[in-house]
Amino acid sequence: MATYRERKVLRRLAVTPVAPVALLAAQFAAQVVMGVAGSAIVVGVGVFGYDVEPPAHPLPLLLAYALCSAMVCAIGFVVAALAPRARTAELFGLLIMFPMIFLGGAAIPREGLPEELRRMGEYLPLTHAVTGLRDGWFGTPAAMPFLVLAGVTVVCTAAAAALFRWE
C-alpha cells in the first residue's frame with residue numbers, strides 16, 4: 001500500500017468509486033491466497049515427503065492460521081498507513097516483525113530464551129499465533145490465542161481504515 005501511494009496509484013484510484021475498505025480487502029485477499037498456497041506446499045511436502053505427523057486438530061489449526069494471517073496483514077496495513085514512503089514502511093515492518101518472530105517463538109522455541117525475553121514475548125501478538133498454531137498441530141487448542149489474534153486484527157484493521165490516505 002505504501003508503494004502504491006508513493007507511485008501515485010492510490011491517487012488515481014481515489015477518483016474511482018473504489019472505497020478504501022474494498023482496496024484493503026483486495027490486498028488482504030491477495031496476500032492470504034499467496035500465503036495459503038505457500039503454506040499448503042510446505043505442509044504437503046512435510047507430511048507426504050518427510051513423514052511429518054499430520055495436525056492433531058486441523059480445524060483449530062486452520063483457524064489459527066487464518067487469524068494469524070489476518071493479524072499480520074492488519075499490522076502491515078497500519079504500518080503502510082503511517083509510513084510516508086515505501087522504504088520507511090519496509091523498515092518499520094522489519095523492526096516490528098523480527099522481534100516478534102524471535103521473541104514470539106516462531107524462529108526458536110521460547111523455552112530457549114532468557115526469562116526476561118520470554119516475559120517480553122508474552123505481550124506480543126505473534127506469541128499467541130505461534131501458540132495457536134502449535135496447539136492446533138500438536139496439543140489441545142485453547143481459546144485465548146484466538147481471542148488475542150482476533151482482537152489485534154480488529155483493532156489494527158480499524159486503525160488502518162481510519163488512518164488510510166490516498167496520497
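No experiment lies behind these values; they were computed from the predicted model shown.
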Next item on the list: Can you tell me which residue pairs pass the salt bridge (charged side-chain N to carboxylate O under 4.0 Å, His left out) test with a partner in residues 26-49, sequence neighbours excluded?
Entry: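 For residues 26-49: none.
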Item checked: Where at least one partner belongs to residues 121-145, residue pairs that pass salt bridge (charged side-chain N to carboxylate O under 4.0 Å, His left out), sequence neighbours excluded -> none
Next item on the list: Please name the pair of heavy atoms, one in Leu124 and one in Met120, separated by the smallest distance, quoted to 0.1 Å.
Entry: CG-O, 3.9 Å
Next item on the list: Quick one: closest heavy-atom pair of Pro125 and Val152, and the distance?
Entry: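 Reported closest heavy-atom pair: CB-CG2, 3.9 Å.
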Next item on the list: Without swapping roles, check the side chain of His57 against the backbone of Thr140 for a donor-acceptor pair under 3.5 Å.
Entry: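 It does not hold such a pair.
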Any residue meeting side chain to side chain contact (heavy atoms under 4.5 Å, CB included) with [X], in chain and number order, not counting sequence neighbours:
X: Met144; answer: Val148
X: Pro54; answer: none
X: Ala56; answer: none

Item checked: Working for side-chain contact (heavy atoms from CB on, under 4.5 Å), residues Leu103 and Thr127 -> CA-CA 7 Å; Leu103 297 176; Thr127 301; 5.8 Å; no
Notebook entry, point to check: If you measure from CG on Leu67 to CZ on Phe146, what distance do you get to the nearest 0.5 Å?
Noted result: 7.0 Å
Margin query: Return the CG to SG distance between Leu61 and Cys68, rounded to the nearest 0.5 Å.
Written below: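 Answer for the CG-SG pair, Leu61 versus Cys68, is 10.5 Å.
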Same hydrophobic cluster for [X] and [Y], using side-chain heavy-atom links shorter than 4.5 Å among ILVMFWY?
X: Val154; Y: Leu147; answer: no
X: Val43; Y: Phe48; answer: yes
X: Leu117; Y: Leu95; answer: yes
X: Phe77; Y: Leu94; answer: no
X: Leu133; Y: Met100; answer: no

Check: In chain order, what residues pass the side chain to side chain donor-acceptor pair (under 3.5 Å) check against Thr3, with sequence neighbours excluded?
Finding: none
Solution key, residues 155-162 side-chain donor-acceptor pairs under 3.5 Å, sequence neighbours excluded:
unit_1: Thr157; atom_1: OG1; unit_2: Thr153; atom_2: O; d: 2.7

What pairs of donor and acceptor atoms, side-chain ones from residues 84-91 against any protein atom, are under 3.5 angstrom apart with sequence neighbours left out?
none

Next item on the list: Could you work out the complete set of other residues in the hydrophobic cluster of Val78, with links drawn between I, L, V, M, F, W and Y side chains under 4.5 Å apart?
Entry: Leu82, Leu163
Next item on the list: Just jot down the salt bridge (Lys or Arg N to Asp or Glu O under 4.0 Å) partners of Arg118, sequence neighbours excluded, or say none.
Entry: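 Applying salt bridge (Lys or Arg N to Asp or Glu O under 4.0 Å) to Arg118 gives Glu115.
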Checklist line | Contacts of Glu53 that satisfy salt bridge (Lys or Arg N to Asp or Glu O under 4.0 Å) - sequence neighbours left out | finding: none
Next item on the list: Go through the steps to decide whether Leu126 and Phe102 satisfy the test side-chain contact (heavy atoms from CB on, under 4.5 Å), and finish with yes or no.
Entry: CA-CA 10 Å; Leu126 196 61; Phe102 284 98; over 6 Å; no
Check: residues 27-42 side-chain donor-acceptor pairs under 3.5 Å, at least two apart:
unit_1: Gln27; atom_1: NE2; unit_2: Tyr4; atom_2: OH; d: 3.4
unit_1: Ser39; atom_1: OG; unit_2: Gly35; atom_2: O; d: 2.9
unit_1: Ser39; atom_1: OG; unit_2: Tyr65; atom_2: OH; d: 2.9

